[in-house]
A.B. asks: 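Okay, here's the structure, questions in a sec.
As the structure lists them, so they are numbered: ligands from 1, and atoms in each ligand from 1.
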Amino acid sequence: MLGGTGDEGFGLALRWAKHGHEIIIGSRSLERARTAAQNSAKLTGSDSVSGLVNEDAASKADIIVVSVPFGGLVETLRTVKRSLRQGHIVVNLTVPLETTVGGRATRTLGVWAGSAGELVSNLVPKGVRVVSAFNNVSAELLNDLSREVDCDVLVCANDEDAKKLVSGLVRALPGARAVDAGLLENSRTLEQLTALLVSLNIRYGVKSAGIRITGINPVS
Ligand SMILES: NC(=O)c1ccc[n+]([C@@H]2O[C@H](COP(=O)([O-])OP(=O)(O)OC[C@H]3O[C@@H](n4cnc5c(N)ncnc54)[C@H](OP(=O)(O)O)[C@@H]3O)[C@@H](O)[C@H]2O)c1
């Protein structure tokens with residue numbers, strides 16, 4: 001979990017550790033990574049979480065989740081690029097919010113590659129499979145272990161097997177449902193929804209607005 005010291009990545013790490021997955025929290029600082037891993041152990045009672053600097057975390061994992069602000073995305077991928085191998089799955093949950101350039105969290109930036117997910121795909125070595133998922137899941141909700149993760153998680157990728165594996169990670173979040181959102185290019189739409197959810201949070205005075213898609217019955 002690159003950037004797993006932050007709210008979103010830490011929340012996902014907690015949930016997956018509780019489910020029994022082995023998690024490595026990545027950070028630019030070894031000390032911050034280790035502290036986050038210790039905090040996770042206290043909160044979950046699970047000792048399946050460790051902390052490493054991002055590049056070491058990436059080299060030891062099969063599925064690498066990138067959970068950094070959009071402004072740090074390119075630099076983070078540059079740092080871990082040499083750790084990425086063919087067959088690795090990189091999950092992008094980054095959203096190009098306008099806050100990156102001092103703007104509002106209710107707006108997104110235009111991304112030259114089309115979306116943050118496609119940008120990740122352009123930057124990783126050949127053979128690394130990129131999936132966009134969890135971009136619309138509230139960190140507030142993930143970190144409150146007393147609550148179910150009551151939302152759908154849109155998952156898009158060009159590789160069907162990678163999409164299925166990541167959908168399995170969605171099912172490890174109690175209450176969440178994975179929805180196959182098609183090709184990685186749909187990350188363009190998916191990422192925009194987060195800005196709308198931020199706006200809804202403000203309008204309704206909450207912190208955990210999420211999405212539900214009706215009229216479909218996704219199977220695993
Ligand atoms: N928060 C939410 O509710 C939410 C919901 C959906 C999607 N997201 C998306 O998830 C991503 C992470 O969100 P967050 O709220 O967890 O963000 P965050 O707390 O601001 O940052 C996460 C971590 O990224 C690292 N980081 C910060 N600036 C960086 C930079 N310039 N370069 C490299 N690493 C940097 C930091 O870790 P170290 O300092 O330890 O390296 C930080 O703890 C964002 O792209 C956000 O849009 C967030």
A.B. asks: Which of the atoms in ligand 1, numbered in the order shown and given with their element, are less than 4.0 Å from a heavy-atom of Ala139?
C.D. replies: 1 (N), 2 (C), 3 (O)

A.B. asks: Short N/O distance, under 3.5 Å, between Gly71 and ligand 1?
C.D. replies: no

A.B. asks: Look at atom 22 (C) of ligand 1 and say which protein heavy atom is nearest, naming residue and atom and giving the distance to 0.1 Å.
C.D. replies: Ser67 O, 3.4 Å

A.B. asks: Got an N/O contact under 3.5 Å between Asn136 and ligand 1?
C.D. replies: no

A.B. asks: Do you see a donor-acceptor pair shorter than 3.5 Å between the side chains of Ser115 and Glu118?
C.D. replies: yes

A.B. asks: Specify the protein heavy atom at minimum distance from atom 19 (O) of ligand 1: its residue, its atom name, and the distance to 0.1 Å.
C.D. replies: Gly6 CA, 3.4 Å

A.B. asks: Quick one: does Ser29 get an N or O within less than 3.5 Å of an N or O on ligand 1?
C.D. replies: no

A.B. asks: Should one rank Val137, Ile25, Leu2 by closest heavy-atom distance to atom 5 (C) of ligand 1, which comes out on top?
C.D. replies: Val137

A.B. asks: Write out the residue and atom name of the closest protein heavy atom to atom 23 (C) of ligand 1, then the distance separating them to 0.1 Å.
C.D. replies: Gly3 O, 3.4 Å

A.B. asks: What do you reckon, does Asn54 have a nitrogen or oxygen under 3.5 Å from a nitrogen or oxygen of ligand 1?
C.D. replies: no

A.B. asks: To check your reading of the model: name the closest protein heavy atom to atom 9 (C) of ligand 1, its residue, and the distance in Å.
C.D. replies: Leu93 O, 3.4 Å

A.B. asks: Is it the side chain (CB and beyond), the backbone, both or neither of Val68 that lies under 4.0 Å from ligand 1, heavy atoms counted?
C.D. replies: both

A.B. asks: Identify the residue among Leu93, Val149, Leu12 that makes a side chain to side chain contact (heavy atoms under 4.5 Å, CB included) with Val137.
C.D. replies: Val149

A.B. asks: For atom 16 (O) of ligand 1, what is the closest protein heavy atom, and at what distance to 0.1 Å?
C.D. replies: Glu8 N, 2.9 Å

A.B. asks: Check this for me: Arg212, atom CZ, are more than 12 non-hydrogen atoms of other residues, nucleotides or ligands nearer than 6.0 Å?
C.D. replies: yes

A.B. asks: Strictly under 4.0 Å, does any heavy atom of Arg32 approach an atom of ligand 1?
C.D. replies: yes

A.B. asks: Quick one: does Pro69 get a heavy atom under 4.0 Å from ligand 1?
C.D. replies: yes

A.B. asks: Under a plain distance cut-off of 3.5 Å, with no hydrogens placed, do Ser29 and Ser27 share a side-chain donor-acceptor pair?
C.D. replies: no

A.B. asks: Would one find more than 12 heavy atoms of other residues, nucleotides or ligands at under 6.0 Å from atom CZ of Arg34?
C.D. replies: no

A.B. asks: Starting from atom 28 (N) of ligand 1, locate the nearest protein heavy atom and write down its residue, its atom name and how far away it is, to 0.1 Å.
C.D. replies: Arg28 NH2, 3.6 Å

A.B. asks: Tell me which protein heavy atom sits closest to atom 31 (N) of ligand 1, plus the residue, atom name and distance to 0.1 Å.
C.D. replies: Gly72 CA, 3.7 Å

A.B. asks: For atom 43 (O) of ligand 1, what is the nearest protein heavy atom, given as residue, atom name and distance?
C.D. replies: Thr5 OG1, 2.8 Å

A.B. asks: Which atoms of ligand 1 are found less than 4.0 Å from any heavy atom of Thr76?
C.D. replies: 33 (C), 34 (N)

A.B. asks: Is the number of heavy atoms from other residues, nucleotides or ligands under 6.0 Å of Asp47 CG greater than 12?
C.D. replies: no

A.B. asks: Pull out every atom of ligand 1 sitting under 4.0 Å from any heavy atom of Thr94, numbered as shown with elements.
C.D. replies: 45 (O)

A.B. asks: Should Ser27 be counted as touching ligand 1, given the test is an N or O pair under 3.5 Å?
C.D. replies: yes

A.B. asks: CD of Glu160: more than 12 outside heavy atoms within 6.0 angstrom?
C.D. replies: yes

A.B. asks: Is Asn135 touching ligand 1 with its side chain, its backbone, both, or neither, if touching means heavy atoms under 4.0 Å apart?
C.D. replies: backbone

A.B. asks: Do we see a donor-acceptor contact under 3.5 Å between the side chains of Ser83 and Ser59?
C.D. replies: no

A.B. asks: For Gln192 and Thr108, test the side chains for any donor-to-acceptor distance below 3.5 angstrom and give the result as yes or no.
C.D. replies: yes

A.B. asks: Kindly indicate, with the supporting measurements, whether the criterion side-chain contact (heavy atoms from CB on, under 4.5 Å) is fulfilled by Ile216 and Thr214.
C.D. replies: CA-CA 6 Å; Ile216 57 167; Thr214 62; over 6 Å; no

A.B. asks: Where do Met1 and Phe10 land on the side-chain contact (heavy atoms from CB on, under 4.5 Å) test, with the steps shown first?
C.D. replies: CA-CA 8 Å; Met1 179 64 70; Phe10 186 73; over 6 Å; no

A.B. asks: In this structure, would Leu14 and Leu173 fall into the same cluster of hydrophobic residues linked by side-chain contacts under 4.5 Å?
C.D. replies: yes

A.B. asks: Would Asn136 and Thr194 count as having a side-chain donor-acceptor pair, cut-off 3.5 Å?
C.D. replies: yes

A.B. asks: What atoms of ligand 1 come closer than 4.0 angstrom to any heavy atom of Asp7?
C.D. replies: 16 (O), 19 (O)

